[in-house]
**Student:** 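Submitted below is the structure of interest, expressed as C-alpha cells.
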Amino acid sequence: MSSLENIRRKVTLTEYTVNNVNSTDFPGTYVGIDDAWCQAKFEETFNVDIISISGSDMEFDMVGVDAAIANAIRRILLAEVPTMAIETVGIWNNTSIIQDEVLAHRLGLIPIKADPRLFEYKPKESEEPTSEDTIHFKLKVKCTRNNQVSDATDPDILYKNHKVYTKDMEWVPLSGQDHLKSKGIRPVHEDILITTMRPGHELDLDLYCVKGIGKDHAKFSPVATASYRLLPEIRLLKDFYDEQAEKLQKSFSPGVIELKETKDGRRVAKVKNPRLDTCSRNVFRHEDLKEHVVLQKVRDHFIFSVESTGILPPDVLVSEAIKILMGKCTKFLNELEEGAMGKQKHKKGKKS
C-alpha cells in the first residue's frame, strides 16, 4: 500500500460529517421511522407562519411538509404563476443607436403592473389583440436640443427627453377595457432606463402585452428570487462561560448566541435565534468548542424567502402557487380515478 493511501485512510474530517440522520436525511431512509401518510398527523403538524412582509419581500415558515412539496411551490412560483409582459413591439420609427431587436428585448423584460387574473391567455392562432387578452402601450419620444442654454456640458441640461424611461410608456385602453381604468395599469417602476438619445433621435412604438408563464419565457416570471432553506438547529452539550462564551458567540452570526448573566455574576452562552445562523461552521475551528456543539437541520421546517418583481404582492403569489399545486393534484387524482374505472370496464368486458 502506498504512503498516499495510508494518509488518506488516516485523515478523517469528522467535523464536516453528518451524524444525526433523524434531522437531515430524507424521510424513510433510516431505521425506526414510520413515514406513512397520515391525514390527522399532517393537520396537526402542518403550519404556515408569515415572519415578515414588506412591499415586494416576504419571509415565511412552512412546517410539517416534505422537501418535495416545498420545492414544488418554489418551482411553481418561478415558472407557472402567470403574469402580463410585452410580447410584441410594433416599431414605426426608431432612429436611436439601439437596434430594433435589442430594444424589443429590453422592453419585454419590463415588469408590468397588471393583474393577470383579469385577462385570458391569447390563443396562438389569433393575431388580432382583444380586450380580453392584450394590454396596449404607446411609446413616442423625440429628443431635442434645449435652446435656452448654450454653455452647459451636462446632457440633462443640454437636451430634452434624451433619456427614455418607463414613465414615458402610455397605456392606451383597447375597446372594452374601460372597466380597467381604475386598476392603475402601468410599468411597475417608472425609472427604468430604456435607452438614451441625442437630438434627431426618435422612438415611435406600439407595445402589446399578453399573459404567459415563466416556462415560456423568463420575462413572465413574477418573482426576482424564490428560495428556501431548512431551519438550523444548534445544541450546546455543555455550558460555556465568560471568555469561552464570547468565543462561541463570535463563531456564529450576530443574534444567534446571546450571553446571559448568572446569579453568581458569570456570563453563560445560550442559543437565542438559530434561524439567523448562516451555517458558516466557524465553531469547528476551535478545539475547545467543536466537541460540545451540535449543528443540525430540522428536516420539515422550511424558511421561504420570496421577492416579487412588483407585479403582484408576494403573499398573493404564494397563494396563487398553492392553488396551482392543488389544481395539479386534483387533475392527477381524477386521471387515476378514470384509469381505475377504465381497468374495471376492461375486466368486465373480458368476463362477458
Side-chain angles (χ1 to χ4, degrees), residues 55-58 72-91 100-139 166-190 192 194 205-226 306-332:
S56 59
D57 298 328
M58 181 173 74
I73 293 173
R74 183 189 71 86
R75 291 175 67 90
I76 291 172
L77 276 169
L78 290 169
E80 296 188 53
V81 176
T83 63
M84 303 295 289
I86 297 172
E87 177 73 6
T88 305
V89 179
I91 302 177
D100 291 352
E101 60 273 19
V102 177
L103 178 62
H105 183 266
R106 287 177 63 83
L107 290 167
L109 296 176
I110 295 172
I112 304 298
K113 185 75 171 180
D115 194 336
R117 295 170 293 184
L118 301 174
F119 299 89
E120 302 293 336
Y121 288 99
K122 185 176 181 181
K124 292 183 179 180
E125 64 276 4
S126 174
E127 295 184 0
E128 292 297 322
T130 67
S131 60
E132 302 293 329
D133 55 35
T134 305
I135 300 174
H136 178 212
F137 285 93
K138 188 78 175 176
L139 179 60
T166 46
K167 65 182 179 182
D168 298 313
M169 294 169 52
E170 179 188 359
W171 174 45
V172 181
L174 297 174
S175 177
Q177 290 185 340
D178 292 339
H179 65 286
L180 298 176
K181 290 183 178 179
S182 61
K183 302 298 182 181
I185 295 176
R186 56 177 174 77
V188 171
H189 305 287
E190 295 185 344
I192 299 176
I194 298 174
L205 313 174
D206 282 314
L207 317 175
Y208 297 95
C209 307
V210 299
K211 187 175 180 177
I213 59 176
K215 277 185 178 180
D216 301 329
H217 195 284
K219 66 184 178 183
F220 291 111
S221 182
V223 294
T225 58
V306 178
E307 181 183 348
S308 169
T309 58
I311 296 173
L312 289 173
D315 55 331
V316 175
L317 292 177
V318 173
S319 63
E320 289 297 310
I322 294 174
K323 289 178 184 177
I324 292 173
L325 179 60
M326 292 171 62
K328 287 175 176 285
C329 294
T330 302
K331 181 181 178 181
F332 181 66

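Residue indices begin at 1 and follow the sequence shown.
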**Student:** Side chains of residues 109-120: which donor-acceptor partners sit under 3.5 Å, not counting sequence neighbours?
**Tutor:**
from: Lys113; atom 1: NZ; to: Gly310; atom 2: O; distance (Å): 3.0
from: Asp115; atom 1: OD1; to: Arg117; atom 2: N; distance (Å): 3.0
from: Asp115; atom 1: OD1; to: Arg117; atom 2: NE; distance (Å): 3.0
from: Asp115; atom 1: OD2; to: Arg117; atom 2: NE; distance (Å): 3.3
from: Asp115; atom 1: OD2; to: Arg117; atom 2: NH2; distance (Å): 2.9

**Student:** With side chains defined as the heavy atoms from C-beta onward, is the minimum distance between Ile311 and Met84 less than 4.5 Å?
**Tutor:**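 Sidechains of Met84 and Ile311: no contact.
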
**Student:** Is Thr166 reaching over with its side chain to a backbone N or O of His189, donor-acceptor style, under 3.5 angstrom?
**Tutor:**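 At least one qualifying donor-acceptor pair exists.
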
**Student:** Please find the pair of heavy atoms, one from Phe220 and one from Val210, that lie closest to each other, and give the distance.
**Tutor:**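 For Phe220 versus Val210, the nearest heavy atoms are CE2-O, 3.4 Å.
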
**Student:** Kindly give the heavy-atom pair with the smallest separation between Gly212 and Asp216, and that separation in Å.
**Tutor:**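 Reported closest heavy-atom pair: CA-OD2, 4.3 Å.
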
**Student:** Ignoring hydrogens, what is the shortest heavy-atom contact between Pro222 and Leu78? Give both atom names and the distance.
**Tutor:**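 Nearest pair, atom of Pro222 first, then Leu78: CD-O, 4.3 Å.
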
**Student:** If you round to the nearest 0.5 Å, how far is CD of Glu128 from OG1 of Thr134?
**Tutor:**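 One gets 9.5 Å once the value is rounded to the nearest 0.5 Å.
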
**Student:** Find the distance between OG (Ser319) and CD1 (Ile324) and round it off to the nearest 0.5 Å.
**Tutor:**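 Taking OG in Ser319 and CD1 in Ile324, the distance rounds to 9.5 Å.
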
**Student:** Taking CZ in Arg75 as the centre, count heavy atoms belonging to other residues, nucleotides or ligands within less than 6.0 Å. Is the count above 12?
**Tutor:**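 No.
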
**Student:** Could you pull out the closest heavy-atom pair between Tyr121 and Lys211, with the gap in Å?
**Tutor:**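 Tyr121 and Lys211 have their closest heavy atoms at CD2-O, 3.6 Å.
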
**Student:** May I ask you to test the Gln177-Trp171 pair for a side-chain heavy-atom distance under 4.5 Å?
**Tutor:**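 Yes, at least one pair of side-chain atoms sits under 4.5 Å.
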
**Student:** To the nearest 0.5 Å, tell me how far Glu320 CD sits from Leu317 CG.
**Tutor:**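 Going from the CD atom of Glu320 to the CG atom of Leu317 covers 8.0 Å.
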
**Student:** Output the distance between atom OG (Ser131) and atom NE2 (His179), rounded to the nearest 0.5 Å.
**Tutor:**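 So the gap between those two atoms works out to 7.0 Å.
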
**Student:** Can you tell which of Ile135, Asp133, Thr88, Ile86 makes a side chain to side chain contact (heavy atoms under 4.5 Å, CB included) with Tyr208?
**Tutor:**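 Exactly one candidate clears the test, Thr88.
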
**Student:** Considering only NZ, NE, NH1 and NH2 on the basic side and carboxylate oxygens on the acidic side, decide whether Glu80 and Lys328 come within less than 4.0 Å.
**Tutor:**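 Yes, this pair counts.
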
**Student:** Got a sec, which residues hit salt bridge (Lys or Arg N to Asp or Glu O under 4.0 Å) with Lys181, two or more places apart in sequence or on another chain?
**Tutor:**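 Residues passing salt bridge (Lys or Arg N to Asp or Glu O under 4.0 Å) with Lys181: Asp178.
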
**Student:** side-chain contact (heavy atoms from CB on, under 4.5 Å), that's the test. Do Thr130 and Leu174 meet it? Break it down for me.
**Tutor:** CA-CA 7 Å; Thr130 67; Leu174 297 174; over 6 Å; no

**Student:** Crowded around Lys138 NZ? As in, over 12 foreign heavy atoms under 6.0 Å?
**Tutor:**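 It does: Lys138 NZ has more than 12 such atoms within range.
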
**Student:** Out of curiosity, Leu325 CG to Ile76 CD1, how far, rounded to the nearest 0.5 Å?
**Tutor:**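 Answer rounded to 0.5 Å: 4.5 Å.
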
**Student:** Please report the C-alpha distance between Leu205 and Phe137 in whole Å, then the side-chain angles of each, then the deciding distance to 0.1 Å, and finally whether the side-chain contact (heavy atoms from CB on, under 4.5 Å) criterion is met.
**Tutor:** CA-CA 8 Å; Leu205 313 174; Phe137 285 93; over 6 Å; no

**Student:** Please find the pair of heavy atoms, one from Thr309 and one from Ser221, that lie closest to each other, and give the distance.
**Tutor:**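 Shortest heavy-atom separation between Thr309 and Ser221 comes out as CG2-O, 4.1 Å.
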
**Student:** Closest heavy-atom contact between Gly108 and Ala85?
**Tutor:**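 Gly108 and Ala85 have their closest heavy atoms at O-CB, 4.2 Å.
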
**Student:** Once you round to the nearest 0.5 Å, how far does CG of Leu103 lie from CG of Leu139?
**Tutor:**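 That separation rounds to 7.5 Å.
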
